[in-house]
Asks: 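One structure coming up, written as structure tokens, with questions to follow.
Just so you know, ligand 1 is whichever comes first in the structure, and atom 1 is the first atom listed for that ligand.
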Amino acid sequence: MKSIVILISGRGSNMEAIVNAAIPGARIAAVISNRADAKGLEFAAAHGIRTAVVDHKAFASREAFDAALAETIDAHGADLVVLAGFMRVLTDGFVRRYEGRLLNIHPSLLPSFPGLHTHRRAIEAGVRAHGATVHFVTPELDCGPVVIQAVVPVLPGDDEARLSARVLGQEHRIYPQAVRWFVEGRLTITAQGQVIVHDEAVDEAGWTIPALDRALGDGACDSRRS
Ligand code: GAR
């Protein structure tokens, strides 16, 4: 069973989509917010998920905030940390601590439109295709190995609200998918920083893990097949 900790800052609709996906082999260990008024905390609590608030305003530096955040995450024993609308820039030290097990969703087709106001900028740029990206987090903002992307059209007459709603619908589809792949052990990151999605689970050495082993959990059986 993989423990997932989800970080949010507000509405939490991506967190909801992941919770509602009820991914086999995954348990949502906690939902943590940097804001006590994040709407998503109510949904999590109503679904019996542990919640915590680590208020960034209570800390003198990013480093101090990230250290407290990491302590709270680790108290839940996270195998995977999922950033779902978590609107804080994280320090390099924090990102490295969770290297390879820290996912983010960004509302654009990265590497286009990193940063804020992606939908407005896409409309202003006149692009015909826009979308969302789930990626592993690296120290560089909105960068890092891409797991999955969804593309939506930018239609004549679109405003920020219409376009963001179209993208959000796709976010709710691709984020649970990416988390499912991670939980199933199907993602590896190559030395070149590309993500491979395997048909079946693989271990760190690239060996396929038979389904029975996966069901029994880590180390339950040593048999391997290629
Ligand atoms: C989502 O659109 C997500 O892609 C975006 O914030 C929104 C959160 O919505 N994230 C970022 O912009 C991160 N750079 P939600 O709270 O309803 O999931």
Asks: Check ligand 1 against Ser13 and write out every atom of the ligand that is under 4.0 Å from a heavy-atom position of the residue.
Replies: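 Near Ser13, meaning under 4.0 Å from one of its heavy atoms, ligand 1 has 15 (P), 16 (O), 17 (O), 18 (O).
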
Asks: Please determine if Asp74 and Arg97 form a salt bridge, counting it only when a charged side-chain N lies under 4.0 Å from a carboxylate O.
Replies: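 Looking at Arg97 together with Asp74, the answer is yes, because their closest N to O distance falls below 4.0 Å.
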
Asks: May I ask you to identify the nearest protein heavy atom to atom 14 (N) of ligand 1, giving residue, atom name and distance to one decimal place in Å?
Replies: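 Answer for atom 14 (N) of ligand 1: His106 ND1, 3.4 Å.
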
Asks: Among all protein heavy atoms, pick the one closest to atom 9 (O) of ligand 1 and tell me residue, atom and distance.
Replies: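 Answer for atom 9 (O) of ligand 1: Arg11 NH2, 3.1 Å.
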
Asks: Report the nearest protein non-hydrogen atom to atom 1 (C) of ligand 1: residue, atom name, distance rounded to 0.1 Å.
Replies: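 For atom 1 (C) of ligand 1, the nearest protein heavy atom is Glu171 OE1, 3.2 Å.
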
Asks: Within the side chain of Ser61, is there an N or O that forms a donor-acceptor pair under 3.5 Å with the backbone of Ala64?
Replies: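 Flag set: sc Ser61 to bb Ala64 pair under 3.5 Å.
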
Asks: Pair His106, His135 - check ring pair (Phe, Tyr, Trp, His ring centres under 6.0 Å), show working.
Replies: CA-CA 8 Å; His106 182 76; His135 64 99; 7.2 Å; no

Asks: Can Glu16 be said to touch ligand 1, with heavy atoms closer than 4.0 Å?
Replies: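 No, Glu16 has no heavy atoms under 4.0 Å from ligand 1.
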
Asks: Counting only heavy atoms not in Asp159, do more than 12 sit closer than 6.0 Å to its CG atom?
Replies: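 Enclosed.
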
Asks: Heavy-atom contact under 4.0 Å between Gly12 and ligand 1?
Replies: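 Heavy atoms of Gly12 do come under 4.0 Å of ligand 1.
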
Asks: Considering heavy atoms of the protein only, find what lies nearest to atom 8 (C) of ligand 1 and give residue, atom and distance to 0.1 Å.
Replies: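 Result: Gly85 CA, 3.6 Å.
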
Asks: Could you check whether any side-chain N or O of Ser9 sits under 3.5 Å from a backbone N or O of Met87, counting only pairs where one atom can act as donor and the other as acceptor?
Replies: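 Side chain of Ser9 to backbone of Met87, a donor-acceptor pair under 3.5 Å: yes, one is there.
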
Asks: Hey, can you tell me if Phe65 and Phe86 have their rings parallel, tilted or perpendicular (30° and 60° cut-offs)?
Replies: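 Correct class here is parallel.
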
Asks: Once you restrict to heavy atoms under 4.0 Å, what part of Met15 touches ligand 1? Side chain, backbone, both or neither.
Replies: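 None of Met15 does.
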
Asks: Given Ile148, which partner from the list Ile174, Ile105, Val195, Val197 fulfils the side-chain contact (heavy atoms from CB on, under 4.5 Å) test?
Replies: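 Between Ile148 and the candidates, side-chain contact (heavy atoms from CB on, under 4.5 Å) is satisfied uniquely by Ile174.
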
Asks: So which of Asn14, Ile6, Asn104 gets nearest to atom 18 (O) of ligand 1, if we judge by its closest heavy atom?
Replies: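 The nearest heavy atom belongs to Asn14.
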
Asks: Taking only Lys NZ, Arg NE, NH1 and NH2, and the carboxylate oxygens of Asp or Glu, determine whether Asp158 and Arg166 approach each other closer than 4.0 Å.
Replies: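 Yes, this pair counts.
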
Asks: Any atom of ligand 1 sitting under 4.0 Å from a heavy atom of Ile105?
Replies: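 It does, in that a heavy atom of Ile105 comes within the 4.0 Å cut-off of ligand 1.
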
Asks: I need the nearest protein heavy-atom contact for atom 11 (C) of ligand 1: residue, atom name and distance, please.
Replies: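 The protein heavy atom lying closest is Pro107 CD, 3.6 Å.
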
